[in-house]
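For reference, the structure discussed in these notes is given below.
One-based numbering along the sequence shown. All figures in this text were calculated on a predicted structure; none of them were measured in a lab. Atoms within each ligand, like the ligands themselves, are counted from 1 in listed order.
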Amino acid sequence: MFDNWEGLEHACMQCRTCSLCNTRHHVVFGVGNRNAEVLFIGEGPGENEDLQGEPFVGRGGQLLDKMLNAIDLDRNRNIYIANIVKCRPPQNRDPFQEEQEACIPWLRNQVSLMKPKIIVCLGRIAGMRLIKPDLKITKEHGVFFDRNGIVMMATLHPAALLRNPGQKPGAFDDFLKLRDKIEEICDHTY
Ligand code: URA
């Protein structure tokens, strides 16, 4: 465990704990305000993220930024964004359980440094991993759970919204609920 961001990031960038290190171009450590009260967590880098070293920079990322901006959130100002795994799984397959196990200590260390009040899981993989293994994303998106004093919610993954635009209004409702929750429990996000 690192007690500072610089040490943590430096060590993470050298990580060779699982075989995803062999095919990555960049470790995608995370982006945003390290003092944020709200943390978004995706599944893992895709092709664009692997090439640029930043989470959610492809088409899904543009949609995410639009939804964030609609509720006055901004990746460069008042939130932080990270992923369950920090290196791209080949062909964008779901990260294997053992890859998630290998990588999650980095994320846990980020959480312990940041001490977020709210964690938003983007998609099924992050929701199942961080909220509960039997999470049904279609039924339970937008529902708040308490995990060790942190308020947690899963919403639909931006890539799923691009595939199924009919689900966008439901996802947007989740963001409105999130805005209300931020107003209720956060001190310096808005
Ligand atoms: N999908 C994710 O889950 N994370 C990213 O960073 C990009 C796409």
TODO: Show the numbers, then the answer: is there a side-chain contact (heavy atoms from CB on, under 4.5 Å) between I150 and K115?
DONE: CA-CA 9 Å; I150 302 178; K115 301 187 187 67; over 6 Å; no
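For a threshold of 3.5 Å applied to N or O pairs, the pair formed by G42 and ligand 1 contains no separation below that value.
Under the 6.0 Å cut-off for aromatic ring centres, H10 and F29 do not qualify, their centroids lying 6.0 Å or more apart.
At least one heavy atom of N83 sits closer than 4.0 Å to an atom of ligand 1. Heavy-atom distances between H157 and ligand 1 reach below 4.0 Å in at least one pair. G44 counts as a contact of ligand 1, since one of its heavy atoms falls under 4.0 Å from the ligand.
Proximity of E43 to ligand 1, defined as any heavy-atom pair under 4.0 Å, is shared by backbone and side chain alike.
Cation-pi geometry between K132 and F145 is not met at under 6.0 angstrom from the ring centre and within 45 degrees of the axis.
Within ligand 1, counting atoms from 1 as listed, the ones closer than 4.0 Å to a heavy atom of P55 are 6 (O).
We find that E101 and R129 are joined by a salt bridge, their nearest charged nitrogen and carboxylate oxygen being less than 4.0 Å apart. Under 4.0 Å is where a charged nitrogen must lie from a carboxylate oxygen, and between D187 and K117 at least one such pair does.
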